[in-house]
Amino acid sequence: MTTALAPATVPDGTWPADDIVVLRNRPLRAGTDRAALSRFGDPVWHIKPAHPDAHLNITPLTWDYYPTIFERPFKTFFLAALDHPYPGNPDTVQRGGERASVATFRYWFVDLQVFVEWLVGAGVFRLCDVTERHLDAYRTYVLGLARKTGRKVDLLAAVRTLWLYGPHLPAEGRLATGYPWPGAPEDELKSPSGGRENKTPRIAPTTMVALLAWALHVIEVVGPDVREAWVAYQQFRAGTHAFQAEFHGLSTGDRIARFITRCRREGTPLPGHRTENGERSINYSAIERMLQTTTVLRFTPNQKRTIRDSGLPIAEDTYVGQITGLIDGRPWRDEPITVSDLRNLIRMVASACFVVICYLSGARPGEVLNLRPGCRAADKETGELLIVGRRGKGYDRASLPEAETPTDQRPWVVVAPVHDAIALLESLGDYSFLFPASFTNPHTKRPNDFNARQVESITRDLEAFAAWVNGTFGRPDADIPIPPDPTKHLHASRFRRTLAYFIVRRPRGLVAAALQYAHVHTKVTLSYAGRDDSSWMDDIHLETLEMVLEQNEQDAQLLEAGEHVSGPAAEEYRHRVRTRARFAGRVVTASRSVERLLDQTNPNIHHGEAMTCVWRRETAACRKARLDAELPAEDGPNEGECRLSCANLAYTDRNIAVQRRLQKQWEAAAADPLSPRPLRDRAAALAESSQAIVAAHRERPTGTTATKEP
């Protein structure tokens with residue numbers, strides 16, 4: 001069924017000329033060769049220059065896939081979609097000036113190809129001859145296809161889009177029917193649940209903790225050695241290495257003689273490599289590169305014989321870098337870095353940098369891959385560390401090459417390890433992106449000055465990084481360094497959901513270099529909340545809801561089993577747990593539902609390391625301390641400002657077990673004769689406070705029991 005709604009105005013019935021540049025009205029990426037842009041009459045349209053993302057490989061539109069009789073009408077449609085904003089329609093309201101992304105064109109191209117093939121099979125060879133009856137028959141055909149529901153919706157939506165651009169098409173090249181299938185027929189195809197369910201699984205905590213810890217290890221320990229080796233290799237190739245200075249101006253024979261003399265004096269073996277039969281062979285190409293003879297001529301047979309007869313030992317490989325970094329007090333590698341290993345080592349270091357930057361910033365993978373050197377910054381007023389890049393979503397985010405500062409750039413507030421990772425990447429060489437298409441062997445079809453690494457390649461890099469760490473640093477008598485994720489392979493798109501999990505739960509002591517998730521929480525979450533990134537806040541709310549429900553269930557079960565609770569807020573703790581514990585389950589399909597459910601189920605009980613805060617702002621000592629110091633008050637507990645006199649404190653048996661352990665540690669510190677007197681006095685005071693808390697917890701009210709004495 002269709003409506004009587006018809007296109008607005010009809011343009012002149014002329015087809016576009018073959019020499020029209022198809023991207024004439026689109027902003028182009030910096031560095032685009034405008035003389036090589038595709039034209040209307042070309043058999044292939046390259047539209048990638050109009051897409052701002054350097055990490056994506058935008059497939060060109062190849063018109064050989066369309067029947068010749070329909071090629072010009074559909075070329076005209078795509079040209080109109082490139083030139084004009086997306087038209088409004090009776091079902092949805094479009095934002096003013098919004099134009100379809102060129103990344104969408106490939107999907108339209110494939111979906112409309114199905115429509116074209118159906119038209120040919122139905123004996124229709126002009127778009128203007130399509131009737132409502134044809135459209136209804138095509139809809140029936142699509143609904144009967146053995147395809148996923150989403151694909152059927154897309155196939156029907158593409159025909160609607162074709163109709164909407166009718167006012168910009170010649171009469172012969174547009175659908176002369178009413179608006180196809182009014183009333184959103186795709187509704188009957190959608191599943192009953194609908195909504196915006198986040199199906200991205202988070203990475204298992206044990207896997208993520210180990211992955212991040214080893215990424216930090218590699219950046220700090222392995223990265224500098226790999227960088228020095230790579231820089232040295234590049235200098236040898238360019239003839240700028242300090243080693244090559246003494247050979248300038250000499251003949252090839254004199255260079256060889258001086259090289260042999262120097263190797264004998266320093267005890268350096270000749271560069272070598274393994275042959276097919278396992279024997280060592282001299283790597284003459286490496287020596288030519290070191291002596292700068294490759295730009296003039298190759299070694300002659302006699303010159304090679306001179307080197308071979310020198311009597312110098314031959315190394316197993318061609319060494320280019322030394323090992324200085326230590327892991328657990330030992331060099332991270334037993335032998336120097338070789339040229340053959342350099343390519344993979346750079347890939348592993350870059351993978352480690354990606355893990356740290358992407359995970360600890362909360363940025364999307366595409367946003368990280370499009371970062372450029374010089375993206376580090378700091379807030380002039382607060383001193384907060386920033387990275388500045390391009391937004392990963394938004395219809396108006398395409399950067400204009402004419403603009404010195406693109407309007408679509410945004411800052412992310414980050415922590416110091418992110419800046420350290422960026423600094424390491426910047427030191428690897430002069431690349432257009434932090435993550436170029438390839439550090440070592442860029443393909444001519446994806447040159448580094450115009451392309452960043454693809455998400456698919458990063459996914460493979462992450463898997464390779466975990467395998468490399470496990471194979472290089474794993475020991476037979478120890479656990480595997482990075483345990484595999486039980487859900488699925490590592491994907492960069494899972495980092496944001498996983499960061500939300502850790503931010504909400506804030507585990508302690510799990511991350512190398514004592515990274516504080518509480519710090520990341522404040523910086524990253526406030527940064528996103530101020531920039532309308534609703535998906536990030538949805539992740540935070542969802543993880544908070546899951547944590548609250550799990551905590552409620554555990555607290556209620558332990559309380560019912562006889563767990564004792566002491567402290568000034570003990571009675572309020574028991575009341576909140578009992579009144580909020582029951583949760584029968586509910587299907588959540590929207591972010592607002594998550595927020596409402598969180599308000600209904602959250603008892604505002606916060607379990608700390610050795611205490612529990614039953615939050616009430618009016619009696620919160622931490623809040624009063626901040627107000628007294630003229631600092632902004634927080635609507636939640638601040639463990640750094642916690643006071644033992646606070647009326648919000650409660651102590652469970654779990655807290656007391658931790659208090660006992662801390663008491664022993666403080667007593668040992670207070671008795672340490674080598675410790676300074678002020679530190680011993682402080683430790684003694686802390687031990688006394690802990691002892692008082694444990695003693696008060698033992699004084700149970702009459703009639704109460706515990707399942708186990710802490």
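Because the structure is predicted, anything quoted here is derived from the model rather than measured. Reckoned from all heavy atoms, side chains included, excluding hydrogens, waters and symmetry mates.
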Subject >> Side chains of N25 and L82 in contact at under 4.5 Å (non-hydrogen atoms) >> reply: no
Original post:
Quick check: are there more than 12 heavy atoms from other residues, nucleotides or ligands sitting under 6.0 Å from NE2 of H489?
Top reply: no
Subject >> Of W45, Y165, F105, the residue whose pairing with F78 passes ring pair (Phe, Tyr, Trp, His ring centres under 6.0 Å) >> reply: F105
**OP:** Would you check, one step at a time, whether the test side chain to side chain contact (heavy atoms under 4.5 Å, CB included) holds for T459 with L462?
**Re:** CA-CA 5 Å; T459 298; L462 294 177; 5.6 Å; no
**OP:** May I have the step-by-step check of side chain to side chain contact (heavy atoms under 4.5 Å, CB included) for R106 and I58, ending in yes or no?
**Re:** CA-CA 8 Å; R106 181 59 186 172; I58 306 301; over 6 Å; no
**OP:** Would you please test R39 and D18 for salt bridge (charged side-chain N to carboxylate O under 4.0 Å, His left out) and show each step?
**Re:** CA-CA 7 Å; R39 300 180 180 272; D18 285 348; over 6 Å; no
Original post:
Would F109 and F74 satisfy ring-ring contact (aromatic ring centres under 6.0 Å, His included), going step by step from the backbone distance to the final call?
Top reply: CA-CA 9 Å; F109 191 84; F74 279 90; 8.9 Å; no
**OP:** Check whether any side-chain heavy atom of H419 lies under 4.5 Å from a side-chain heavy atom of I387, and answer yes or no.
**Re:** yes
Original post:
Hey, is the main chain of G374 close enough, under 3.5 Å, to the side chain of E426 for a donor-acceptor pair?
Top reply: yes
Original post:
D33: what forms a side chain to side chain contact (heavy atoms under 4.5 Å, CB included) with it, not counting sequence neighbours?
Top reply: A35, A36
Original post:
Would you find a donor on one side and an acceptor on the other, under 3.5 Å apart, between the side chain of W163 and the backbone of G178?
Top reply: yes
Original post:
If you measure from the Lys or Arg side-chain nitrogens to the Asp or Glu carboxylate oxygens, is any gap between D154 and R151 under 4.0 Å?
Top reply: yes
Subject >> Student check: side-chain heavy atoms of V114 and Y138 closer than 4.5 Å >> reply: yes
**OP:** Take V120 and F125, measure what side chain to side chain contact (heavy atoms under 4.5 Å, CB included) needs, and give me the verdict at the end.
**Re:** CA-CA 6 Å; V120 173; F125 301 102; 4.2 Å; yes
